[in-house]
Structure formats: structure tokens, C-alpha cells
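Structure first, then comments.
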Amino acid sequence: MKKLSPSTRIIVLIGCCGALAIFSSTISKSLLSLFSESLGATGVQVGMIASASTVPGILISYIAGDLADRYGYKKILIGSLLIFATAPFLYLVVRNPFQLGAVRFYHGFATAAFGPVAMATVAAFSGKNTGQNLSLYSSATLIGRAAAPIVAGGASDIGEYYEISWHIPIYIIAAVAGISALFMVLFVLRRHKKDEDREAAKLNVGTEEKIPFFKKLIGLFHYKPLLYVGIFYAFVYFAHGAFEMLFPLHAVDLGMTRAQIGTAMSVQLVGIIVLKPLFGKASDKLGRLPLIVIGLGISAGVFFFMMLTKSLVLLAVLIVIYGLGFAIITASMSALAADVAQKGQLGASLGVLSTLMDVGQTLGPPTVGIIIGYYSNSFGIGFLGFLLLAAIAFSLFAFRRAQGGGA
């Protein structure tokens, strides 16, 4: 068997680590809206708790990316994984919505730092296969994301069977996954010394000239291609973050059990794990914009049908189709982010994009929480459909400018 190159080994490692980390993060929020309600949270409070973990992304994603550019990716990865390993234990001691929001805020620092730096690491080692490798990395994380809801649903039933709080097994499993991801980095990446070879050295040594922090940040926000893509990120993740909060509530109204909700949310990702790398490769050849528009159209259509249906079977089918549309969008978005990043500023550029993405994810759940408080869960889902139609219009405007008139 042909020996893997250092670059390929590191990409595989980051993918495996990402799968565990995202599994830990996703299982922690899979039934979060139900956990919030069990603590007495109102509709608006449920939305605020759901968005609490995205606030750190606004605060530190750029900082994490900038530090990775300056001092190497490995240190930031380890720091974020320490939070993944410790945060799940805090869920076990919360007693009210305020405490749960505080834990979510702390947990958010993990994904805020890990996400952009892991993507920057993969992109740095990808050469001309950026779209394909970022999609492979994303598919690895989707394995964790797909497994998490169904495990959460089953774990909650186990908790009730043994007459303990149904959420306790969920967060114990999250802790095991987070600790495993941390040990994977500590005991595998430590073999890559900075002088072992030039490729592995990228993990430990900064890749940019030391541009002053705020001068660099201002320059990135004045760079229009990056800003346009970032605003689009905010559109898409506003809708996605709100939907992740809203779907369990809507499904319960229609008669789904927690286990069925977890299964439905997991099944949507099974095909994506296989297909997303193909979407990424297609975007390398065909361009980013056509696939993004197709994905947005599919997702918007799903929301409109979901708003109207009362059938549990059709609801399950629709969430699978939504996952496919979201995969088409994000396969192209990840590569586009790397495309517009300026030389030597990959980590910081992806950090800025992650910040704007988290602005969307932060605003989405509480905004839609207010809407469903006045109207209904179905109305909130329909609102997200119209939002994605607006995102299509913005993408046609922005991406042609982001790439000088091309897709």
C-alpha cells in the first residue's frame, strides 16, 4: 500500500478529530430546545439559549485565525479541544435557563476557534484540490453530526429507562467524544516536529508576515470579495441556526417523539456524507455560484413544503432533502472562502468569515423565536424559506463581484 504523504496524513487526522469534536458539539445541542423548555424557558429564552454558543464566534473567530497564522495551527486546535473536553460536564449541573445559557456561551468558544483553524489547516495542505479536500473534511464532520441526533434520542430514552434525568447520558457521551478528540491531537500531532519536514512544520510555525493586528483586521473588512462572501455566510447560517432550533419544536407539535426527531435529523446527513465531496469537486470544475444557487433553491422549497405539511412521513422526507440542499450550498461556500482569502492570511480570512457566519447564527434563533411567539412554528419555517430566496438574489449580486464577474 502506498504510504500517505505528510499532507494527506494531516488532512485525515484533522478530519477524524473534526468528526469527534462536531459529534460532541452536535449531541450537546440536538435536544437543547427541549432541555431548555424542561428548565422553564420561554420561547424567546429558548432562542437566546440556542444562539448563546454562537456569540463567542463573533468575539474570537478572527482572533483564533490570526493567532494561527502567526504562531501555527496546532496550538489553537489544542486550546479549542480543551473546551470541547470540559464543557459537557457543566451541562450536568445546570438548574435554570440562565445557567444553561452560560454553559452554551462557554461551549461556543470551542467551535469558534476550532472551525476556522481546522478549515485553514486543511486548505493549507490541499494544493489545487481545495474544494474537494474541504468537502472531504466536511463529510468527516458530518459523520459526527449525523450520528449525534440519533445517539441523543436513544441516550435520552436510556436515561428515562434507568429513572435518571434524560439529558445526563447525552452529555456524558459528549464529554467522552470531546476528550477523545483532544487526546487524538495530543498524541498524534506531537510526532510532527517543526523540523521534521516542511509540510508538517505548517502546524507549528506561522505562515504570514507579522502585520499589526488591527491594521490587518481593518484591511480584511475593506476587502470586498471577503466581505461579500461573509455577508452571504450570515444569510445562510441565520436560516440554518434558526431551523436547528425550530425543527424539534415543530416536530413535537406534529407528534414526533424525541427518538424520532433525533433519527430524522440524523438520516438527512447520511447521503450528504458520501455526496458532499462530489459537490466540492464539481465546484472546483464548474464554479461555485451555480451550485450555491441550486442548493438555495432546494432548501427554500423544502421550507415552504414543510410549512404546509402535517404528515410525519413527508416531514421526514423533506428534512432529508433539506440536508442535500444545504450540503450543495456549503460544499461550494467552504471552497469559495479559501478562494477569496489573501495570501498569508488564510486563518484570519476564514476567521472573519466565521465571525460573520456566527452573527447570522446568533441572530437567527432569537429572531425566529420572537416570530413563532407571535405566530406559529409553521410561520417561522415559511419565513426562513423567504429568507433563502433573498439569499439567492444576494448571491447573484455578490459572488460575481467577489470573483471579478465569474462564478
Side-chain angles (χ1 to χ4, degrees), residues 17-39 41 45-64 76-118 141 144-145 147-149 151-152 155-156 165 167-185 237 240-242 244-245 248 262 265 351 354-355 357-366 369:
C17 181
L20 287 168
I22 298 304
F23 172 85
S24 177
S25 173
T26 304
I27 196 173
S28 297
K29 66 179 181 179
S30 292
L31 299 177
L32 182 67
S33 54
L34 302 181
F35 186 26
S36 302
E37 284 191 334
S38 73
L39 295 174
Q45 288 175 328
V46 170
M48 293 179 68
I49 291 168
S51 66
S53 64
T54 62
V55 175
I58 300 172
L59 300 176
I60 70 155
S61 288
Y62 166 72
I63 296 172
I76 309 304
L77 291 173
I78 290 174
S80 65
L81 289 169
L82 282 169
I83 301 175
F84 275 119
T86 56
F89 293 105
L90 300 178
Y91 291 91
L92 302 177
V93 297
V94 300
R95 295 293 181 268
N96 57 59
F98 176 80
Q99 292 174 349
L100 182 57
V103 173
R104 290 297 297 164
F105 180 76
Y106 171 69
H107 205 166
F109 282 96
T111 50
F114 182 84
V117 176
T141 65
R145 194 179 297 276
V151 173
S156 72
S165 295
H167 69 280
I168 290 177
I170 294 174
Y171 294 108
I172 290 175
I173 293 170
V176 171
I179 292 169
S180 299
L182 174 62
F183 274 81
M184 181 176 292
V185 167
Y237 281 92
H240 185 65
E244 283 190 323
M245 178 272 295
M265 295 178 73
S354 183
T355 296
M357 176 187 77
D358 283 323
V359 169
Q361 286 196 110
T362 300
L363 295 176

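Throughout, numbering of the chain's residues begins at 1 and tracks the sequence. Just so we're clear, the structure is a prediction, and the values are computed from it rather than from any experiment.
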Between [X] and [Y], which heavy-atom pair has the shortest distance, and what is it?
{"X": "M184", "Y": "C17", "value": "SD-N, 3.6 Å"}
{"X": "L100", "Y": "F35", "value": "CD1-CE2, 3.8 Å"}
{"X": "S28", "Y": "S24", "value": "OG-O, 2.8 Å"}
{"X": "A52", "Y": "G101", "value": "CB-O, 3.6 Å"}
{"X": "I49", "Y": "A41", "value": "CD1-CB, 4.2 Å"}
{"X": "L81", "Y": "A21", "value": "CD2-CB, 4.1 Å"}

With a 3.5 Å distance limit and no angle check, can you tell me whether S80 reaches the backbone of L77 through a side-chain donor-acceptor pair?
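Side chain of S80 to backbone of L77: a pair is present.
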
[atom1]-[atom2] distance between [X] and [Y], expressed to the nearest 0.5 angstrom:
{"X": "S25", "Y": "L20", "atom1": "OG", "atom2": "CG", "result": "12.5 Å"}
{"X": "T141", "Y": "F23", "atom1": "OG1", "atom2": "CZ", "result": "13.5 Å"}
{"X": "L92", "Y": "I170", "atom1": "CG", "atom2": "CD1", "result": "10.5 Å"}

Given I27, which partner from the list I22, L32, V151 fulfils the side-chain contact (heavy atoms from CB on, under 4.5 Å) test?
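Exactly one pass, corresponding to V151.
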
Tell me, with the steps shown, if Q99 and L39 meet side-chain contact (heavy atoms from CB on, under 4.5 Å).
CA-CA 10 Å; Q99 292 174 349; L39 295 174; over 6 Å; no

Could you label the plane-to-plane angle of the Y91 and Y171 rings as parallel, tilted or perpendicular, counting under 30° as parallel and over 60° as perpendicular?
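Rings of Y91 and Y171: parallel, under 30°.
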
Taking side chain as C-beta onward, heavy atoms only, is I83 less than 4.5 Å from F114?
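In short, these two side chains do not touch, never coming nearer than 4.5 Å.
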
